[in-house]
Structures are given as structure tokens and as C-alpha cells.
Amino acid sequence: MNNNLIAVYPGSFDPPTNGHIDIISRASVIFPKVIVAITHNQNKEHLFSLEERVEMMEQSTSSLKNVQIDSFSGLLVDYLDNIGSFVVVRGLRALSDFEYEFQMALMNRTLNRKIETVFLMPAQEYTFLSSSMVREIAVLNGDFKKLVPDAVYKKLKNNKRI
Ligand code: COA
């Protein structure tokens, strides 16, 4: 095994959910180092700023010693190249994720043929979870405590924008 192997888990994480943390924990067992790379998704309007999402993710993964949080702008393949990685980790929750993920994995490989995407399955209880669903429940004053890490719960509860 390559002890310098870095796996990158990219996403918008707006906000991070327990499903994301589940994937990060699983990746941290497999790879020597995992970088959670947070970025702006051009197709989404974000609730939290990049800095806020980085902070929430740092607080939520502080117990995982081989996990590092970073942010990037531009193409994922360029970010991977800059940090010397060729492995992308993504979570596959249900069959409905497959088409989007398949397209993204093959496009990344088209942009750089060295890139490999590894898919991990979250625990069953998180297969229905998404960031937009958490935001919607928070806006409508539902109970979302079990769906997100504590740091995210506090931040979302105190968010004046919702
Ligand atoms: N648990 C809970 N939710 C999960 C999840 C899991 N294990 N896995 C995915 N999701 C949810 C997310 O919460 C999110 O939900 P939302 O749509 O309600 O916000 C959704 O699935 C996907 O979000 P995420 O995993 O954050 O990815 P994304 O689609 O926001 O980000 C990027 C995709 C950022 C990786 C991609 O756009 C990218 O690489 N951008 C950089 C530019 C680039 O290179 N573009 C070309 C790509 S081919």
C-alpha cells in the first residue's frame, strides 16, 4: 500500500450531515490520509459561506486524525493535481445517485485519465439524507438533531437567514 496516498472527498457540504461524516469515517479507515475538499457548486445557491462550511466540517471531524479539511475553487482535477492525489471518494446513497456520479466520475477521468473515483455506501439510516432536506426541515422548524453533527445543529439553529 502507498502510505502517501491521499483520498479527496469533494462536495459542497451545505451543511455537512451525519451521512457525510459516515462516508468520511469509512474513507479514513481505508486511506492513510483523507482531505475533505469543500467548494462552491455552480448549480447551487449556498446557505452557508465557504468559511462557515469549512469550520463546521473541521468541528465535525476533529476526532478523525488522518482527516484534513480544505477548500478549493475551479476544477476538481486541477485541485487533485495540485495536492498530488488521483483518488476521489464519493458516497452512493441510492440508485438515483448513480447517473450523476457516473457522469461526474467519467468526466473527471476524461479531463485527467489518472483519476480514479471510489464509491462508498453510507450506513442504511443515512441513505435518505441530503443537505437540502436538512435545510428544509430546519426552515420549517422540524427536528433535525439526529441528522447532523452537534456543531452543525448549533449553527443551523442559530442561523438568522432561515
Ligand atoms: N450523506 C448525506 N448526503 C449526501 C451524501 C451522504 N453520504 N452523499 C451525497 N449527499 C448529498 C449532499 O448532501 C447533496 O445534497 P443536496 O443536493 O441536497 O445539497 C448531494 O447529495 C450532493 O452534494 P455533494 O456531495 O456535496 O456534492 P455536490 O453535488 O454538491 O458537489 C462537486 C459536486 C463539488 C464534487 C462537483 O460539482 C465538483 O467537482 N465541482 C468542482 C468543479 C468541477 O470540477 N466540475 C466538473 C465536475 S465533472
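As the structure lists them, so they are numbered: ligands from 1, and atoms in each ligand from 1. These numbers were taken from a predicted model, which means no experiment stands behind them.
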Q.
Polar contacts were defined as any N/O atom of the residue lying under 3.5 Å from an N/O atom of the ligand; does this apply to S132 and ligand 1?
A. yes
Q. To the nearest 0.1 Å, how far is atom 36 (C) of ligand 1 from its closest protein heavy atom, and which atom is that?
A. M104 SD, 3.8 Å
Q: Using protein heavy atoms only, decide if any is under 4.0 Å from atom 6 (C) of ligand 1.
A: yes
**Q.** Location of contacts on Y100 toward ligand 1, heavy atoms closer than 4.0 Å
**A.** side chain
(Q) Surrounding CG of L140 (heavy atoms of other residues, nucleotides or ligands, distance under 6.0 Å), is the total greater than 12? (A) yes
(Q) Starting from atom 12 (C) of ligand 1, what is the nearest protein heavy atom, named by residue and atom, and what distance separates them? (A) H20 NE2, 3.4 Å
Q. So, the side chain of D97 versus the backbone of L92: is there a donor-acceptor pair under 3.5 Å, distance only?
A. no
Q: List, by chain and number, the other hydrophobic cluster members for M104, where Ile, Leu, Val, Met, Phe, Trp and Tyr join if side-chain heavy atoms come within less than 4.5 Å, directly or indirectly.
A: Y100
Q | Close-contact set for ligand 1 against T17 heavy atoms, below 4.0 Å | A | 1 (N), 2 (C), 3 (N)
Q: Considering the heavy atoms of S130, write down every atom of ligand 1 situated less than 4.0 Å from one of them.
A: 3 (N), 13 (O), 15 (O), 18 (O)
Q.
At less than 4.0 angstrom from any non-hydrogen atom of F13, what atoms of ligand 1 do you find?
A. 26 (O)
Q) Taking atom 15 (O) of ligand 1 as the point of reference, which of A123, S131, P16 owns the nearest heavy atom? A) S131
Q: Indicate, as side chain, backbone, both or neither, the part of N41 found under 4.0 angstrom from ligand 1 when only non-hydrogen atoms are considered.
A: side chain
Q: Determine whether L106 and L76 fall in the same hydrophobic cluster, where Ile, Leu, Val, Met, Phe, Trp and Tyr are linked whenever their side-chain heavy atoms lie under 4.5 Å apart.
A: no
Q: Name the closest protein heavy atom to atom 44 (O) of ligand 1, giving the residue it belongs to and the distance to 0.1 Å.
A: L76 N, 2.8 Å
**Q.** CE on M57 to CD1 on I21, rounded to 0.5 Å
**A.** 5.0 Å
(Q) Once you measure the plane-to-plane angle for F98 and F102, does it fall in the parallel (<30°), tilted (30-60°) or perpendicular (>60°) bin? (A) parallel
Q) Got a donor-acceptor contact below 3.5 angstrom from the T39 side chain to the F72 backbone? A) yes
Name every donor-acceptor pair, under 3.5 Å, that has one atom in a side chain of residues 112-127 and the other anywhere in the protein, sequence neighbours excluded.
| from | atom 1 | to | atom 2 | distance (Å) |
| --- | --- | --- | --- | --- |
| N112 | OD1 | K114 | N | 2.9 |
| E116 | OE1 | R109 | NH2 | 3.2 |
| T127 | OG1 | Q124 | O | 2.7 |

Q) Do any N/O atoms on M133 end up under 3.5 angstrom from N/O atoms on ligand 1? A) no
Q.
If you apply the rule side chain to side chain contact (heavy atoms under 4.5 Å, CB included), what do you find for H20 with Y9, and how did you get there?
A. CA-CA 9 Å; H20 296 132; Y9 181 37; 3.4 Å; yes
Q | Minimum non-hydrogen distance to atom 8 (N) of ligand 1, winning option of R53, R26, R93 | A | R93
**Q.** Heavy atom of the protein closest to atom 35 (C) of ligand 1 (residue, atom name, distance)
**A.** R90 NH1, 3.5 Å
Q. Any Lys/Arg nitrogen of D22 or R26 sitting under 4.0 Å from an Asp/Glu carboxylate oxygen of the other?
A. yes
Q: Could you tell me which atoms of ligand 1, counted from 1 in the order shown, lie closer than 4.0 angstrom to a heavy atom of G19?
A: 1 (N), 2 (C), 6 (C), 7 (N)
Q.
I need the atoms of ligand 1 closer than 4.0 Å to a non-hydrogen atom of M107, numbered in the order shown.
A. 48 (S)
Q. Using a heavy-atom cut-off of under 4.0 Å, does the side chain or the backbone of T39 touch ligand 1, or both, or neither?
A. side chain
(Q) Could you check whether any side-chain N or O of R135 sits under 3.5 Å from a backbone N or O of S130, counting only pairs where one atom can act as donor and the other as acceptor? (A) no
(Q) Just to verify, which of L147, I23, L129 counts as forming a side chain to side chain contact (heavy atoms under 4.5 Å, CB included) with T17? (A) L129
Q.
Please check: side-chain N/O of T61 versus main-chain N/O of L64, any donor-acceptor pairing under 3.5 Å?
A. no
Q | Closest protein heavy atom to atom 17 (O) of ligand 1, given as residue, atom name and distance to 0.1 Å | A | K44 NZ, 3.0 Å
Q. Which word best sums up how the rings of Y153 and F144 line up, parallel for under 30°, tilted for 30 to 60°, or perpendicular for over 60°?
A. tilted
Q | Nearest-neighbour protein heavy atom for atom 3 (N) of ligand 1, which is reported as residue plus atom name and distance | A | L129 O, 3.1 Å
Q) Which heavy atom of the protein is the closest neighbour of atom 30 (O) of ligand 1, given with residue, atom name and distance? A) S12 OG, 2.5 Å
Q) Closest non-hydrogen protein atom to atom 43 (C) of ligand 1, residue and atom name please, with distance? A) L75 CD2, 3.7 Å
Q | ligand 1 atoms in contact with G74 (distance to a heavy atom under 4.0 Å) | A | 41 (C), 42 (C)
Q. Any N or O on I23 sitting closer than 3.5 Å to an N or O of ligand 1?
A. no
